[in-house]
Amino acid sequence: MGISWIRAPFGERSRQRRADERLVSHGLVVESGPTDRAHDALTPSERLSRTVVDGLEEGVVVTDLELRALSWNASALRILGVSAAQLTASTVAAAGTLQYADGKPVTAADNPARRALRQGGPVRATVRRSSSDGGERWFTVLARPIGGAHGTSRSGVVCTYADVTGSVEAERRLREERDRAQRFLDVASTLVVVLDARGRVELVNRQGCELLGYPEEELVGRDWFEVVVPKADRFDARRAFFRLVFGADPPGDSLETTVQTRSGEARQIAWRNAVLRDAAGKITSVLRSGEDITERRRAEARITFLAYHDALTGLPNRPLLEEQLVRDLARARRTDEAVALLHVDLDNFKLVNDSLGHGAGDAVLRETAARISDLTRAGDLLARQTGDEFLLLLDCRGAADVRAVALLAGDRIAAALDRPFETCDAEFHVGASIGVALYPEHADDPETLFKQADAAMRQAKRGGGGSVTFYEPEVSDARARLSLTTRLRRAIDGDELRLHYQPIFRLDDGAVAAVEALVRWEDPEHGLVPPAAFIPVAEETGLIDPIGEWVIDELCRQASAWRSQGFRPRLCFNLSPRQLRRADLVASIADGIAARALDPGQFCAELTETAVMSDATRQRSLLTELSEAGLAIAIDDFGAGHSSLARLRDLPVQVLKVDRSFIARVPQDPGSSSIVAAVLALSSALGMETVVEGVEEPAQLDFLRRHGCPLAQGFLLGRPVPAQELRPLAAVGS
Ligand code: C2E
Ligand code: MG
Ligand code: MG
């Protein structure tokens with residue numbers, strides 16, 4: 001520790017004393033420092049002065065003209081941080097430890113006392129002293145030359161020191177706080193604007209200018225609403241402002257508005273308004289402080305999006321669809337319209353996931369979402385439920401036949417998902433089962449509608465997948481199934497079954513070569529029920545046997561009626577797997593035919609490929625029995641299962657009915673087209689007749705003609721209809 005001060009050499013003691021005396025007589029100061037005069041040697045007035053000076057908080061040091069310290073008080077030693085010996089002995093040693101406020105060192109050549117002497121007047125300075133413990137003290141120095149006025153000669157300098165460390169620190173703290181506050185305002189992007197009672201900008205802060213992109217002078221004095229409020233909001237914003245100014249509305253809580261920056265960007269601001277009044281209490285201006293919440297709103301929007309969307313496919317999720325469904329149902333109730341909900345479930349997804357891994361699974365799900373999305377229309381809503389399940393809420397507004405719309409949509413989706421998927425360098429078939437539930441036909445609340453679409457989808461799966469199934473109240477659970485069984489039994493006894501006939505055309509001459517008998521149930525409650533809705537249950541419960549008997553009986557009755565009209569097409573009927581297990585099946589069919597004296601050769605039993613192949617040995621004897629009884633045998637839905645033509649060759653099969661899923665993609669899909677062409681060629685080589693099922697398009701018919709297909713069946717050529725409706729067609733064809 002040192003001090004840039006001038007020492008008072010011991011040899012100068014007498015001079016020093018003389019100076020003291022002069023000072024005392026000037027009434028300036030009395031030494032309290034080193035003195036060789038005992039306290040009691042002082043005069044009473046000297047003693048009083050010393051007590052006063054000693055009691056001062058300010059430090060006082062008196063020097064001679066060479067700036068040697070002559071006297072000082074205790075506060076001076078404290079403030080300067082030196083001992084009395086150091087004060088008197090020090091020269092300019094370690095002068096660098098004292099600095100002016102601007103950082104310049106206080107030196108022997110440049111110190112306040114020296115300056116005061118040079119200038120001949122008082123000099124003030126603020127000085128910083130570093131202490132050895134790393135702390136620092138601040139003090140102010142006032143150096144005043146002694147004498148020199150009124151003809152007196154200069155004798156030295158009196159320096160007073162005041163410790164200002166406290167206030168310097170307080171100031172620094174204040175400054176830091178101000179900086180922090182400024183930084184905080186910057187970060188919080190609080191913008192402040194004061195508008196006069198007419199809505200003109202009186203004041204706008206820096207943040208306001210930065211945010212809006214205008215320099216202050218371009219905003220002040222201008223109409224706030226004209227400059228920054230988007231046109232569409234201007235009228236309302238101005239009205240709200242004037243209601244505030246005229247006291248109609250209180251300033252109120254936070255208010256959110258959009259402002260438009262100079263570059264045209266829209267930002268969301270949450271404002272707080274405060275009114276400023278004149279002495280008379282009239283509102284003169286409005287102070288608005290605003291927070292830019294654009295990013296927050298964007299983040300919220302993103303979070304809302306995530307809460308309502310599926311991350312993998314980007315599709316809406318079930319909660320979002322549910323909300324839409326609630327709204328659609330409410331509207332449909334008012335307008336007396338229908339709503340259709342489709343539940344899509346992939347058939348072979350698990351296989352893909354298990355064999356190719358989750359990456360491939362994810363790719364399939366994304367591709368599925370894309371394929372279905374391509375088929376949806378503007379008002380439809382497609383959502384991913386979970387896993388491989390998707391929901392489609394169809395926009396049915398204005399649709400005359402909602403069933404038809406839903407079926408068309410379902411069929412299209414099934415076909416789209418039936419196309420092979422390609423991922424991980426592999427191509428595979430996935431397919432989907434689709435369940436449909438309708439409002440008001442099946443349910444009138446969202447929850448039930450979801451349940452029923454799901455039940456219908458499961459039903460579609462039980463039917464082998466790849467198809468669209470409408471909800472049937474009866475098949476959804478075991479209890480309902482029981483009542484279905486009861487009602488079905490009643491239907492068989494109560495004459496509620498009907499046979500419809502679909503023509504099968506010979507393509508070379510356009511004649512009706514055959515008709516296929518397709519059973520329907522005319523349910524008094526539900527109208528005409530298609531076989532897919534009750535054959536599976538009839539199979540499970542064994543009711544298929546009486547139904548099968550009724551079908552043969554009714555077919556024979558109709559055949560003899562047609563015979564009398566001269567119409568003798570081949571008569572095809574379906575046998576389901578369970579019927580094949582009946583030991584007396586062939587006998588009962590033969591009996592029915594014989595009872596009407598019909599030719600068994602006119603009949604053709606259709607068995608599905610899967611049913612025939614499930615127990616080949618047993619079925620072989622059954623087929624042999626049937627063919628020995630004179631009936632023709634057709635393999636139905638060929639291609640849907642896994643048998644090969646070669647294996648069928650050994651069986652007494654005359655007709656091959658190619659599953660409609662093959663023709664569906666002909667002629668546009670080369671794969672399907674070549675399969676159909678190959679099957680046609682092979683079956684004719686094996687001496688079988690081929691019927692292609694499901695012909696719906698003229699292009700398909702063209703294709704079949706060109707490839708020598710002998711027989712075709714499909715909606716394009718004729719739908720299944722009651723016998724009386726078939727007659728005119730038959731007359732044309734036969
Ligand atoms: P199936 O034997 O393959 O009958 C053909 C089905 O395809 C019929 O459906 C028919 O309406 C439909 N179809 C025909 N042409 C087209 C077309 O161009 N496009 C489309 N999309 N479909 C077409 P249906 O009448 O609903 O019969 C479904 C299945 O129910 C039948 O398939 C058959 O397996 C079974 N079935 C029908 N009647 C009987 C029966 O009396 N006994 C047994 N055991 N099963 C029956
Ligand atoms: Mg059939
Ligand atoms: Mg078929």
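Each ligand, and each atom within it, is numbered from 1 in the order the structure gives.
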### Query
Between the side chains of D445 and T448, is a donor N or O closer than 3.5 angstrom to an acceptor N or O?
yes
### Message
For ligand 1, which is the ligand I care about here, please tell me if G714 has any N or O atom under 3.5 Å from one of the ligand's N or O atoms.
### Response
no
### Message
Just verifying a value: how many Å separate Y471 OH and L341 CG, rounded to the nearest 0.5 Å?
### Response
13.5 Å
#### Entry: Considering all heavy atoms, the nearest G718-Q502 contact
O-NE2, 3.0 Å
### Query
Are any non-hydrogen side-chain atoms of I589 and L631 less than 4.5 angstrom apart?
yes
### Gap between atom SG of C396 and atom OH of Y439 - 0.5 Å precision
12.5 Å
### Query
With a cut-off of under 6.0 Å to the ring centre and 45° to the axis, is R660 in cation-pi contact with F715?
no
### Message
Both conditions, 6.0 Å and 45 degrees, for the charged tip of R719 above the ring of Y501: are they met here?
### Response
no
#### Entry: Pair Q713, E516: side-chain N/O donor-acceptor within cut-off below 3.5 Å
yes
### Query
Is the shortest heavy-atom distance from the side chain of R384 to the side chain of P316 under 4.5 Å?
no
#### Entry: Contact (N/O only, under 3.5 Å) between Q713 and ligand 1
no
### Task
Write out the residue and atom name of the closest protein heavy atom to atom 10 (C) of ligand 1, then the distance separating them to 0.1 Å.
Q502 OE1, 3.8 Å
### Task
Over all heavy atoms of both residues, which pair between P710 and L680 is shortest? Give the atoms and the distance, please.
CD-CD2, 4.3 Å
## Note on the structure
The protein heavy atom nearest to atom 18 (O) of ligand 1 is F715 N, 2.7 Å
### Task
For R570, check side chain to side chain contact (heavy atoms under 4.5 Å, CB included) against everything at least two apart and list the hits.
A514, C572, C604, A632, V655, E689
### Query
Which residue owns the protein heavy atom closest to atom 46 (C) of ligand 1, what's the atom, and how far is it?
N574 CB, 3.7 Å
### Task
Check V551 against ligand 1 and report side chain, backbone, both or neither, counting heavy atoms closer than 4.0 Å.
side chain
### Query
Heavy-atom contacts under 4.0 Å between R520 and ligand 1: side chain, backbone, both, or neither?
side chain
#### Entry: Shortest protein heavy-atom distance from atom 27 (O) of ligand 1, along with the residue and atom involved
P531 CG, 3.3 Å
### Query
If you measure from each heavy atom of K657 to ligand 1, is any distance below 4.0 Å?
no
### Query
Is there a protein heavy atom less than 4.0 Å away from atom 4 (O) of ligand 1?
yes
### Message
Whether the E539 and S576 side chains hold a donor-acceptor pair (N or O, under 3.5 Å, no angle test) is what I'd like checked.
### Response
yes
### Closest candidate by heavy atom, reference atom 19 (N) of ligand 1, pool E696, E516, R660, R578
E696
### Query
Can you list the atoms of ligand 1 that are under 4.0 Å from a heavy atom of Q579?
44 (N)
### Message
Please determine whether any non-hydrogen atom of H500 lies less than 4.0 Å from an atom of ligand 1.
### Response
no
### Query
Within less than 4.0 angstrom of ligand 1, does P530 place any heavy atom?
no
### Task
Kindly confirm or rule out an N or O of V519 lying under 3.5 angstrom from an N or O of ligand 1.
yes
### Message
Under 4.0 Å, heavy-atom basis, I'd like to know which part of E693 is in contact with ligand 1: side chain, backbone, both or neither.
### Response
side chain
### Message
Counting non-hydrogen protein atoms only, what is the nearest one to atom 11 (O) of ligand 1? Give residue, atom name and distance.
### Response
P720 CG, 3.3 Å
### the Mg ion (ligand 2) neighbourhood, protein N/O/S only, threshold under 2.8 Å
E516 OE2, N574 OD1, E606 OE1, D636 OD2
### Inter-residue atom distance L346.CG - D388.CG, 0.5 Å rounding
4.5 Å
### Task
Can you sort out the partners of R498 under salt bridge (Lys or Arg N to Asp or Glu O under 4.0 Å), two or more places apart, ordered by chain and number?
E522
### Message
Taking 4.0 Å as the limit for heavy-atom contacts, which would you say applies to D636 with ligand 1: side chain only, backbone only, both, or neither?
### Response
side chain
#### Entry: Nearest neighbour of atom 8 (C) of ligand 1 from the list L518, V695, D411, on a heavy-atom basis
L518
### Message
Tell me whether ligand 1 is touched by G694 - counting only heavy atoms on the residue side and a distance under 4.0 Å.
### Response
yes
### Task
Quick one: pull up CG in L449 and CD in E441 and give me the separation to the nearest 0.5 Å.
11.0 Å
### Query
Quick one: which ligand 1 atoms are inside 4.0 Å of a heavy atom on E606?
2 (O)
### Which segment of D637 sits under 4.0 Å of ligand 1 when only heavy atoms are counted
side chain
#### Entry: Contact list for residues 339-348, test side-chain hydrogen bond (donor to acceptor under 3.5 Å, both in side chains), sequence neighbours left out
H343-E389, D345-K461, D347-S433, D347-K461
### Message
Between E549 and R582, is there a side-chain heavy-atom distance shorter than 4.5 Å?
### Response
yes
